[in-house]
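Single-structure report; data block below.
Side chains included, hydrogens not; waters and symmetry mates left out as well; all remaining heavy atoms used. Indexing begins at 1, ligand by ligand and atom by atom, following the structure's order.
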Amino acid sequence: MRIVILESAESVSQRAADLFCDQLKRNPNSVLGLATGGTPVATYRELLRRYDQNQVSFEHATTFNLDEYVGLEPAHEQSYRSFMNRELFESVDIDLAQTHFPATLGDLTEAGQRYEASLVEAGGIDLQLLGIGTDGHIAFNEPGSSLASRTRPKALTQRTRMDNARFFDSLESVPKLSMTMGIGTILDAKQILLIATGQNKSKVCRKFIEGPVTALVPASALQMHPRVTVLLDEEAAQDLERADYYREVEAIQSSLENQNT
Ligand code: GLP
């Protein structure tokens, strides 16, 4: 994993937007894996800013979101479909028919299989954006999820429901069930970018980066992927034991990259 510690949450969103813009420049037909939650909002705002300045286009891109709540209408303010429409899709040139979410109606096991099939049909995800839950979840793969899991229904933990209650009127209105890409699905992405900011993510960042690979910390499965970048602000990085080493490696890596451009 490439661990990049940046001075602020703003720098994290700028660097994340750089990676998305580079990807779309290299391949305008890219398949992007997108995430929801509070953390990616700043990245989407930065992408919008660059779109407004004609620095990036989503015209030929295809997107797959990680997850969706079961039990909310797509038009519900807190559905992840609404979130993405509001935060990004409605303001850029993306073709909404090319934006995908796991279905949450009917037979959910079959819906998961259909999502997997459409991912394969699209050629797989080129760049997957991830946030991280305070319990180590990625997408809605809660602790204990199989590291080989595929898209399926998954019950949310009380902690995740409490964390996400800030977006709802009350804890009771937070759904108890979700449809989520599995950890195996996420690991199939060609490149992965995880972003985490703020002090409340510092303990879990230490666990998934420096602890053992374990289903109890689902994000630790990323240690098994050959191409993962983790962007952290100083607060999220404050508990890392080897922060100095990551900074040294990053300084060498960026000077090599600058020589090549
Ligand atoms: C939700 C999403 C995750 C996200 C997590 C953290 O549970 N399903 O994809 O990573 O929230 O969100 P935040 O960025 O708000 O801390």
Side-chain angles (χ1 to χ4, degrees), residues 8-10 12-13 16-17 32-47 63-72 74 76-84 86-88 100-102 104 112 115 125 127-145 149 151-168 171 173-183 185-187 189 192-209 217-222 228-233 235-237:
S8 64
E10 195 190 342
V12 168
S13 56
L32 307 175
L34 299 179
T36 50
T39 315
V41 170
T43 300
Y44 296 143
R45 299 230 162 111
E46 180 61 19
L47 285 171
T63 66
F64 284 86
N65 263 79
L66 286 167
D67 45 12
E68 181 58 285
Y69 288 115
V70 174
L72 299 186
H76 187 287
E77 217 195 345
Q78 290 309 328
S79 77
Y80 283 163
R81 159 57 80 184
S82 295
F83 173 100
M84 289 307 306
R86 193 166 59 236
E87 298 298 337
L88 186 69
H100 305 275
F101 290 76
T104 56
Y115 205 56
I125 290 175
L127 176 60
Q128 174 68 59
L129 180 63
L130 293 176
I132 184 168
T134 54
D135 61 1
H137 74 244
I138 45 175
F140 270 134
N141 294 285
E142 296 286 22
S145 294
S149 48
T151 307
R152 70 210 184 291
K154 189 78 195 167
L156 306 185
T157 60
Q158 183 71 354
R159 177 155 169 195
T160 295
R161 294 184 62 240
M162 280 161 63
D163 282 351
N164 290 359
R166 68 191 194 277
F167 299 114
F168 289 81
L171 178 59
S173 354
V174 184
K176 293 188 168 150
L177 193 61
S178 68
M179 276 294 285
T180 180
M181 279 190 205
I183 298 175
T185 320
I186 293 169
L187 291 178
I192 297 177
L193 168 63
L194 186 146
I195 54 175
T197 57
Q199 206 192 331
N200 68 330
K201 297 289 170 72
S202 64
K203 293 215 159 36
V204 77
C205 284
R206 176 173 172 186
K207 280 191 194 163
F208 94 86
I209 294 168
V217 184
S220 66
L222 300 176
V228 176
T229 303
V230 179
L231 301 178
L232 304 174
D233 67 357
E235 289 185 5

Considering only the protein, which heavy-atom contact is closest to [atom], and what is its distance?
| atom | value |
| --- | --- |
| atom 12 (O) of ligand 1 | Gly37 CA, 3.9 Å |
| atom 4 (C) of ligand 1 | Thr36 O, 3.8 Å |
| atom 16 (O) of ligand 1 | Lys201 NZ, 2.6 Å |
| atom 14 (O) of ligand 1 | Thr39 OG1, 2.4 Å |
| atom 5 (C) of ligand 1 | His137 NE2, 3.7 Å |
| atom 2 (C) of ligand 1 | Tyr80 OH, 3.7 Å |

Do the side chains of [Y] and [X] get nearer than 4.5 Å, heavy atoms only?
| X | Y | result |
| --- | --- | --- |
| Tyr115 | Met179 | no |
| Arg159 | Glu142 | no |
| Leu32 | Leu129 | no |
| Leu232 | Cys205 | yes |

>> I need the minimum non-hydrogen distance between Pro102 and Thr151, along with the two atoms involved.
In response: CB-CG2, 4.4 Å

> How far apart are the closest heavy atoms of Gly136 and Pro218, and which atoms are they?
Replying inline: O-CD, 3.3 Å

Sub-3.5 Å N/O-N/O distance, [X] and ligand 1:
| X | answer |
| --- | --- |
| Ile132 | yes |
| Ala139 | yes |
| Phe140 | no |

With heavy atoms under 4.0 Å as the rule, classify the contact between [X] and ligand 1 as side chain, backbone, both or neither.
| X | value |
| --- | --- |
| Tyr69 | neither |
| Asn164 | side chain |
| Asp67 | side chain |

> Atoms of ligand 1 less than 4.0 Å from Gly131 heavy atoms?
Replying inline: 10 (O)

>> As an exercise, identify every atom of ligand 1 less than 4.0 angstrom from a heavy atom of Gly38.
In response: 13 (P), 14 (O), 15 (O)

>> Checking Glu46 against Ser13: is there a side-chain donor and acceptor pair closer than 3.5 Å?
In response: no

> Which of these, Asp135, Val174, Thr134, sits in a side chain to side chain contact (heavy atoms under 4.5 Å, CB included) with Thr160?
Replying inline: Asp135

> Going by the angle between their ring planes, with limits at 30° and 60°, are Phe140 and His137 parallel, tilted or perpendicular?
Replying inline: tilted

>> If we only consider heavy atoms of Arg166, is any one of them less than 4.0 Å away from an atom in ligand 1?
In response: yes

>> Please report whether the ring centroid of Phe168 lies less than 6.0 Å from that of Tyr69.
In response: yes

